[in-house]
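Below you'll find the structure, written out as structure tokens, and then a few comments.
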Amino acid sequence: MNFITKKRKGAIMENMLVMLLELIVVCAFIVIIFGVFSGINDKWGVRQAAREYLLIMETEGYLNSTDQASLKTELESYGLYNISFSGTTTSEVNYGDRIYLCISGTYDDNILAFAGGISKYTTHSSSITINRQSTAKQ
């Protein structure tokens with residue numbers, strides 16, 4: 001019965017090492033999660049900007065050059081580059097006609113890569129295309 005209640009002298013050090021390893025694993029996990037969520041947040045912001053400007057296009061009937069420049073600036077703030085608006089309705093249409101907002105661009109995803117036991121951030125370019133359509137309500 002004595003051997004059950006008697007602690008080994010090295011048990012405290014072993015417990016400290018286990019807790020230290022757990023802390024390192026949890027910190028690495030948190031870093032990876034924040035990296036993933038930052039990319040998701042940027043892509044969500046790009047989609048919200050597209051939605052906002054489609055609503056503007058509904059009321060005006062098209063995407064004018066001032067709004068297009070503002071949209072481009074907002075998209076660049078989310079990390080999008082090589083932005084193209086080809087296919088977007090840029091001339092005024094009549095009430096009830098279809099309007100199109102077509103955005104394409106490139107986004108650099110940050111990826112945590114493991115090579116030979118060493119981790120580092122690398123960027124991976126991905127293409128983003130957003131096609132929205134609605135009707136003019138001006």
Side-chain angles (χ1 to χ4, degrees):
M1 192 67 162
N2 246 355
F3 67 91
I4 295 176
T5 58
K6 186 178 177 184
K7 282 194 171 184
R8 292 184 335 191
K9 291 185 179 187
I12 294 174
M13 264 322 257
E14 290 172 0
N15 289 340
M16 293 276 289
L17 286 174
V18 169
M19 287 190 299
L20 182 64
L21 286 174
E22 288 176 355
L23 183 64
I24 291 170
V25 169
V26 167
C27 288
F29 182 72
I30 289 172
V31 167
I32 291 169
I33 292 299
F34 278 129
V36 168
F37 282 129
S38 71
I40 292 171
N41 186 38
D42 288 342
K43 291 176 184 176
W44 183 80
V46 167
R47 294 191 186 284
Q48 284 300 106
R51 182 177 180 274
E52 176 186 340
Y53 280 88
L54 185 65
L55 291 173
I56 292 171
M57 289 175 66
E58 285 179 356
T59 58
E60 293 183 10
Y62 68 106
L63 184 65
N64 62 35
S65 59
T66 305
D67 289 335
Q68 186 173 350
S70 298
L71 176 57
K72 185 174 183 177
T73 302
E74 189 170 344
L75 295 174
E76 287 171 345
S77 73
Y78 289 114
L80 204 64
Y81 60 95
N82 294 336
I83 300 169
S84 171
F85 295 107
S86 62
T88 300
T89 306
T90 56
S91 59
E92 192 168 358
V93 297
N94 295 324
Y95 176 82
D97 288 348
R98 296 301 259 174
I99 53 172
Y100 300 94
L101 177 61
C102 303
I103 302 170
S104 61
T106 307
Y107 179 78
D108 287 336
D109 287 317
N110 291 327
I111 299 173
L112 188 61
F114 296 98
I118 301 171
S119 64
K120 62 179 183 174
Y121 275 107
T122 60
T123 57
H124 176 263
S125 298
S126 60
S127 178
I128 294 178
T129 303
I130 299 172
N131 292 313
R132 301 278 189 260
Q133 62 180 333
S134 185
T135 54
K137 296 172 176 66
Q138 90 287 7

Throw together a table of side-chain donor-acceptor distances under 3.5 angstrom for residues 47-60, partners on residues two or more places apart or in other chains.
unit_1	atom_1	unit_2	atom_2	d
E58	OE2	S134	OG	2.4
T59	OG1	I56	O	2.8
E60	OE1	N64	ND2	3.0

[X] to [Y] - nearest heavy-atom pair and separation:
{"X": "T89", "Y": "S91", "answer": "CG2-O, 3.5 Å"}
{"X": "S125", "Y": "T106", "answer": "CB-CG2, 3.9 Å"}
{"X": "Y78", "Y": "Y107", "answer": "O-CE1, 3.3 Å"}

Give, for atom [atom1] of [X] and atom [atom2] of [Y], the distance between the pair rounded to the nearest 0.5 Å.
{"X": "S84", "Y": "K72", "atom1": "OG", "atom2": "NZ", "result": "9.0 Å"}
{"X": "L75", "Y": "I128", "atom1": "CG", "atom2": "CD1", "result": "9.0 Å"}
{"X": "T66", "Y": "L71", "atom1": "OG1", "atom2": "CG", "result": "12.5 Å"}
{"X": "L20", "Y": "N15", "atom1": "CG", "atom2": "CG", "result": "12.5 Å"}
{"X": "N82", "Y": "E76", "atom1": "CG", "atom2": "CD", "result": "10.0 Å"}
{"X": "I83", "Y": "T73", "atom1": "CD1", "atom2": "OG1", "result": "8.5 Å"}

Do any side-chain atoms of residues 95-105 form donor-acceptor pairs under 3.5 angstrom with protein atoms, and if so which ones, sequence neighbours left out?
unit_1	atom_1	unit_2	atom_2	d
D97	OD2	N94	N	3.2

Residues that K43 engages under salt bridge (Lys or Arg N to Asp or Glu O under 4.0 Å), provided they are two or more places apart |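 Listed in chain order: D109.
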
